[in-house]
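Values below: all heavy atoms of this structure, side chains included; hydrogens, waters and symmetry mates excluded.
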Amino acid sequence: MRGLSSQGIAATLYFMRYFPQKIESKWQARWLKGKIYEPDLLARPRRRGIGTRAKKPFYNLMMFPYPSAEGLHVGNMYAFTGADIYGRFKRMQGYDVFEPIGLDGFGIHSENYALKIGKHPMELSRITEKNFYRQLQMIGNGFAWQERLETYDPEYYKWTQWIFVRLFKEGLAYRKKQAVNWCPSCKTVLADEQVISGECERCGSKVHKKDLEQWFFKITDYAERLLKNLEKIDWSERIKIAQRNWIGRSEGALIKFALSRNYADTTRTNTEILRKSASSQRESAFIEVFTTRADTLFGATYLVVAPEHPMLMNQESGIMNYGEVRGYIQNAKSKSEEERIAASKEKTGVELKGVKAINPANGEMIPIWVADYVLGNIGTGAIMAVPAHDERDFEFAKKFDLPIRQIVAPETGEKRNKEEFRDGGSGVVFDPETQKYAIAHWKKGEREWYGLFSGGVEEGEDIEKGILREIKEESGYYDFVHVEQIETAFAHYHNIPRNVDRFAKATCFLVILKTTAVQEQKLETHEDFIVEWVSAGEILENLERNNYNHEHDHWIRFLKQAVGRAIELRYDTTSAPSIFHQRVHTNSGILINSGKFTGTDSEKAKWEITKFVKGKRTVHYRLRDWLISRQRYWGPPIPMIFCENCAKRSRTSDGSPTSDGLGWHPVPEKDLPVRLPYIKKFRPTGTGKSPLASVERFYKVRCPKCKSWARRETDVSDTFLDSAWYFLRYPSVREEKKPWNPAITKKWLPVHMYIGGAEHSVLHLLYSRFLAMVFSDWGLTHFEEPFAKFRAHGLLIKDGAKMSKSKGNVVNPDEYIRAYGADALRMYLMFLGPFEQGGDFRDTGIKGITRFLERVWRFGQVQISQNLRSQIPISKKVPNPKSKIQKILHQTTKKVTEDIENLQYNTAISALMVLLNEFESNKEKVSGEDINVFLKLLAPFAPHISEELWQRIFSTTYNLQPTTFRSIHLELWPKYNPKLIQEDTFELVIQVNGKLRGRATLPMGAKEKEAKDAAMQIEQVRKFLTTEPKKIIFVQNKLINFVV
RNA sequence: GGGCAGGUGGCGGAAUUGGCAUACGCGCAGGGCCUAGGACCCUGUCCCGUAAAAGGGGUGUGGGUUCAAGUCCCACCCUGCCCACCA
């Protein structure tokens, strides 16, 4: 076909149109037939030794979707495309990439959807499966279709149940009665991780607490390792932080507070009480609290126990108002979690009459309260309340008028050195009549500032008297209606009048005037200041403006605290600026009012005080055990059998159960799977029992041990258990005897790259890590961490808002694929923004990508027709290594390679656009080799169009059988030559005083002299260089800056 | 309340170590092609200023460091996400 006939040209022109749908389905079918995305998973070499087994395994995993019949969400496609680009890139780098896909179709989400549309989940799953796989096929990912799995497949959940059995046998699965999260709408219990701000993760209903006996996994045994291992894995930092917070390790102390029932006589001294308590301690009645702030023990002015606390269970603890307390407990328990949180602003509680606790630090008798702001399942369920340094305790103390004692004094200014501090303070003088504050307006030299009246305390003088004396001396006011100590701080400050640096323990007093009468004669006359009345706003503004002096740090604190207190006393209710909120000091500082620990740094005092009161230093985790039971239908039945007969026999003589069993037996492994029966009444019951509990043929079984009639567990397991181990099954889906094949697992795991949503940072990802660690401990695998590398992709939103069904802005990828093709949609999604940051889907944007692909197509067609016309095919034309095209080609190769590695797909695509622009403006200089490289760089993003063009231009296999062709996706990734990237000239930026005044092109490596000469050539530069420059800054290959 | 991410043209977003702010794309404007529309191609597009230049301003706000700041430091404001009475 040398000369083209007119029909030939017409045919060519017709062919030039880009029909993505046509080529996309064609290549998808060929890839599938050719098995180009199926690595050889087997581990052992082939018999004759020369194996073609995978040499460089690369397990590229993405989070499998939970399907609903609505179909694939564009957000799924966003995640999958981003993961697939990485996989394709690795494949072209010579790795044997394994990229499996499956469906997480078991569990509440799928069941709720089935309920909503009134279909049986078992039937629905067959429909959604088909639909999902069809859609997943269409997006053009390099999936290993032969290894797909579905979590509701008995061949899969057989092993999910097997894991449960093993965990039970190893003591990591146990049953206990506990107040658990109950979702009234889903009619099941939920794990803590599935309760978001008191609401059900799935349906958003408010979650209640319910006392139920449930199955738990002992994930808390692994808390420390789950935390520590985070250091070793290459994960998105934000996910690691989320896990760290969720595990919530905190170091603290367990401190015992002895109880006393003889507190009526309040006249006794502390020593007497101590003696008394020492004797009453023999009764060993005490409350143990957990605290991370043992340093504040001297400020513990009362104790609070949770409504669930065991001491409230028996009347014998000596509570005189037991009826009232019980009423409170019942009321608290009936509240939902949400109500308890919502009510957090308004604290409630009841004092336990007839009992007091003894603060072990100072022997003080302190009251005990029950209040629901203390939670039963956190720490010991009891706290020591330090209202001066904890906001919740502070609120509670204010409401019930309990004593507040400051223990930790903040330190303002720089860190204290060893110098001795002076005792002193300041007074905030307030006149309720005018709502103004009296201050000293200083003037000294050029400086002018406001200050509080302040001074040092003289020997033998008490601090309050000292401050009042200073106020009288400095201002003349003496007629006070209210004097109150507000706060103490340790402050470095500069005494301006005397021009010396000082360190002081400063106490602030709020002084409210009765009258503004002035003492006839001030005792001291200051030349440097005058007394002025200003509003709080004015004084604060002045203090903040002149913040050159450390003294002001604590003055600002004092003023805010004092004004806050004045507001509270209702001396000022109208003109208070919002900044004046009384704040509780919760940070570290220096101890005051703390016996022999006074003056110590609070951080240091923490463990000293713990030791002093014989407390126990311990570590506490926020993480709690994983609640596994679900009272639902659509999940793997928990493979356990309860035998009443065995339960009876295993009890010891006194009736308590023995350690080895309460009659619970795991289903023997040979009997797995426990198949989920098809039942018509699958709706959740709401009775606390699964719908399976009324299916006799399911639950009525023989005890595996004693063969008497027994009852099968009818709850199913949490859906997160299904997905916690699926990555182990993928490479071993054909393994029948074990959950995973050890040799294959050894070869392919841990997962090399895992990409998924950040919303799973503490659910799925934590559970998977837990199980992987357990399997490793059992010697079943060789790794503790399942995912060597994990990257969280960003959230795809639509027109600035989150996509949701209620907003009706969910994008269905099908329509877009039909209209623009999968390649265009893939590239558009990736072009929206940085993959790890997410993007905003707007319909207008996809046109740009479509245009780009059409231009690629047209450019390719020109090559094809030239191939046909020319004796020497374009593909054989040798590129000129010195040409501009070569340079930009190699630069682009470098950029695209690096960007894909960093998941910065948006900039990689932009680089490809720049390259195409360059091709188009230098058409005649583009060689076949250049196009070859371009298509390979494009291949991970737009796999279909690049395959089609590559085959037509370069391959001899285009028309061969689908099974014998050589795909571009198996070609090697282009390499760049760093030498070709090197520019030999650069554009010198010429600045005068940092402002751009001109440019010049110079050879790379030009010296300062040459740069200067070049700069002087330019009129615009000379114009600004009237005098000899003071300084010349020269940055090689970049710029020259003249400072004049 | 805490943690994290972020704030740059009309919009999505670029910007190595601090060194030409706004790459690439969308949109918009003008022009070409065409009976016309669409598609496509070319040119322009941060703001003020100008016939055009020259010049000036400009990366959430206010300060600082520097010859030079989107980038570093301090304080603050706003948005999004996650967590939240965790002792």
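- Separating the C1' atom of B:rG32 from that of B:rA39 is a span of 14 Å, rounded to the nearest Å.
- The nucleotide B:rC4 finds its pairing partner in B:rG80, both defining distances of the Watson-Crick or G-U wobble pair being shorter than 3.5 Å.
- The existence of a salt bridge linking A:Glu920 and A:Arg858 is excluded, since no basic side-chain nitrogen approaches an acidic carboxylate oxygen closer than 4.0 Å.
- One C1' atom belongs to B:rG70, the other to B:rG58, and the distance between them is 11 Å to the nearest Å.
- Per the geometry, CZ belonging to A:Phe835 stands 15 Å off P belonging to B:rA14, to the nearest Å.
- Counting non-hydrogen atoms of neighbouring residues, nucleotides and ligands closer than 6.0 angstrom, the NZ atom of A:Lys894 reaches no more than 12 such neighbours.
- Base pairing of B:rU61: its partner is B:rA75, meeting the Watson-Crick or G-U wobble criterion (both donor-acceptor distances under 3.5 Å).
- Across all strands shown, the partner of B:rC24 is B:rG12, judged by Watson-Crick or G-U wobble contacts whose two distances both fall under 3.5 Å.
- Residue A:Asn1041 places its side chain closer to B:rC67 than to any other of B:rG55, B:rC67, B:rC41.
- Rounded to the nearest Å, the gap between the P atom of B:rU71 and that of B:rA15 is 15 Å.
- Within the shown strands, nothing qualifies as a pairing partner of B:rA68 under the Watson-Crick or G-U definition with both distances less than 3.5 Å.
- Atom CD1 in A:Ile383 sits about 10 Å away from atom P in B:rC86, given to the nearest Å.
- The nearest whole Å value for the distance from the CD atom in A:Gln243 to the P atom in B:rC86 is 21 Å.
- In this pair, A:Tyr905 and A:Phe941 present their aromatic rings perpendicular. The plane angle is above 60°, beyond the 30 to 60° band.
- Atom CG of A:Leu853 and atom P of B:rC26 are 12 Å apart (whole Å).
- Residue side chain A:Lys895 does not reach the base of B:rU16 through any donor-acceptor N/O pair under 3.5 Å, judged by distance alone.
- When the P atom is used for both B:rA84 and B:rC48, the distance is 49 Å, rounded to whole Å.
- Atom name C1', nucleotides B:rA29 and B:rA54: the rounded distance is 26 Å, in whole Å.
- Between A:Asn906 and B:rC24 there is no side-chain N or O to OP1 or OP2 distance below 4.0 Å.
- Phosphate contact (OP1/OP2 of B:rA84, side-chain N/O of A:Arg622, threshold under 4.0 Å): present.
- Between A:Trp369 and A:Phe400, the ring planes lie tilted relative to each other; the angle falls in the 30° to 60° range.
- B:rG57 and B:rG80 have their C1' atoms separated by 31 Å, with the value rounded to a whole Å.
- Across B:rC72 and B:rU66, the matching C1' atoms stand 10 Å from one another, rounded to whole Å.
- B:rC77 sits 25 Å from B:rC11 when the P atoms are compared, rounded to a whole Å.
- Side-chain polar atoms of A:Tyr976 and A:Thr892 form no donor-acceptor pair below 3.5 angstrom.
- Checking the phosphate oxygens (OP1, OP2) of B:rG25, no side-chain nitrogen or oxygen of A:Arg842 falls inside 4.0 Å.
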